[in-house]
Each structure stands twice: as structure tokens, then as C-alpha cells.
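In what follows, a single structure is set out as C-alpha cells and then discussed.
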Amino acid sequence: THRQRDGVNCVVSTYSALDTLAGSDVIQMVKVPAEAIIVDVILKATDIDSSTGIVLEVGDDGDTDRFIAASTIGQAGGIARLGNIAGLAYEYTADNTIDVRVATVATTPVAGTIVLEVFYVFEN
């Protein structure tokens with residue numbers, strides 16, 4: 001098992017969103033190791049829907065919106081942060097990925113960028 005150094009670890013992943021994102025698409029963004037304890041998650045997106053339809057969520061294979069639910073930032077561009085209390089200090093028991101899921105498809109999709117920043121620590 002590979003452990004990161006002590007202190008807060010940050011992993012940043014960027015996805016070039018095409019204008020073909022579909023509803024329920026899952027983008028595996030950040031690998032997290034077993035024993036990682038999540039302290040923050042930041043989702044950034046450019047305007048990937050020139051209308052007002054797209055809704056994104058951030059979670060994993062056990063809970064698709066464990067960290068961020070029903071974010072509309074892709075409708076005009078912006079930032080969303082960890083907002084689900086269940087995700088704060090969530091500890092992974094096995095290696096996993098933190099994913100961005102398209103909960104609602106874009107009304108008028110356009111190409112853009114999705115960035116996910118995940119901050120985690122290990123218990124001493």
C-alpha cells in the first residue's frame with residue numbers, strides 16, 4: 001500500500017468535456033487510496049450548457065452524490081464545494097475513484113472543462 005506523506009494531500013484532475021455528455025455519464029476523475037479521509041472536494045466547470053439543463057454531482061461507486069449533489073455550475077460556469085455532510089471526513093476502506101456524474105443532461109451542450117480538486121488526509 002502506497003501512502004502519501006503526512007499532512008493534507010491534494011489531487012487535481014481536469015476533463016475536457018465535449019458537447020456529447022449524456023445523462024448518467026460517469027467521469028472517473030480522482031483516484032483515492034485506501035484509508036484516505038476526505039476533507040474537501042471542489043468542483044469547477046466552464047459553461048458546458050449554453051442553456052439551463054445540466055446538473056452535476058460528485059461521489060463514487062457507492063454513493064453518486066456523496067460529496068456534491070445537484071450542482072448547476074455547468075450551466076454558466078463556476079465552483080461548487082463539498083456540501084453533503086455525509087462526505088465530510090468520509091474514509092475509504094479500499095482504493096476508489098471520486099467521480100463526476102451527469103445527473104441531468106445539458107439542454108444545449110457545448111465543449112468546456114470540468115476540474116475536480118480532492119483534499120484528503122490519513123489518520124496518524
Taking every heavy atom of A34 against every heavy atom of D95, the minimum-distance pair comes out as N-OD1, 2.8 Å

If you group Ile, Leu, Val, Met, Phe, Trp and Tyr by side-chain heavy-atom gaps below 4.5 Å, do V32 and Y15 land in one group?
yes

If you look at every heavy atom in A17 and I48, which pair is closest and at what distance?
CB-CG2, 4.1 Å

Gap between atom OG1 of T93 and atom CD of E35 - 0.5 Å precision
9.5 Å

Tell me the closest heavy-atom pair linking A36 and F122, and the distance in Å.
N-CE2, 3.7 Å

Measure the spacing between CG of D49 and CG of L21 and express it to the nearest 0.5 Å.
10.0 Å

Expected list for residues 64-88: side-chain donor-acceptor pairs under 3.5 angstrom, two or more places apart:
from : atom 1 : to  : atom 2 : distance (Å)
T64  : OG1    : E57 : OE2    : 2.9
R66  : NE     : D60 : OD2    : 2.8
R66  : NH2    : D60 : OD1    : 3.1
S71  : OG     : I73 : N      : 3.4
Q75  : NE2    : T52 : O      : 3.4
Q75  : NE2    : I54 : O      : 2.9
R81  : NE     : D40 : OD2    : 3.2
R81  : NH2    : D40 : OD2    : 2.1
N84  : ND2    : D65 : O      : 2.3

Under a single-linkage definition using a 4.5 Å side-chain heavy-atom cutoff for Ile, Leu, Val, Met, Phe, Trp and Tyr, are V115 and V100 assigned to the same hydrophobic cluster?
no

Which atoms form the tightest heavy-atom contact between T108 and S51, and what is the distance?
OG1-CB, 3.6 Å

L56 versus V102: any side-chain heavy-atom pair under 4.5 Å?
yes

Do any N or O atoms from the side chain of T46 and from the backbone of T113 form a donor-acceptor pair under 3.5 angstrom?
yes

Taking S13 for its side chain and M29 for its backbone only, find out whether a donor-acceptor pair lies under 3.5 Å.
yes

Partner of E117 under side chain to side chain contact (heavy atoms under 4.5 Å, CB included), chosen from V41, T14, I42
I42

Under the side chain to side chain contact (heavy atoms under 4.5 Å, CB included) test against I98, which residue among V11, V58, D61 passes?
V58

Point-to-point distance, once rounded to the nearest 0.5 Å, from NZ of K44 to CD1 of I114
13.5 Å

The reported gap from CD1 in I38 to OH in Y120 (rounded to nearest 0.5 angstrom) is 8.0 Å

Indicate if V12 and F119 have the same hydrophobic cluster label, given that clusters are the connected sets of ILVMFWY residues with side-chain heavy-atom separations under 4.5 angstrom.
no

When rounded to the nearest 0.5 angstrom, what is the spacing between OH in Y92 and OG1 in T97?
8.0 Å

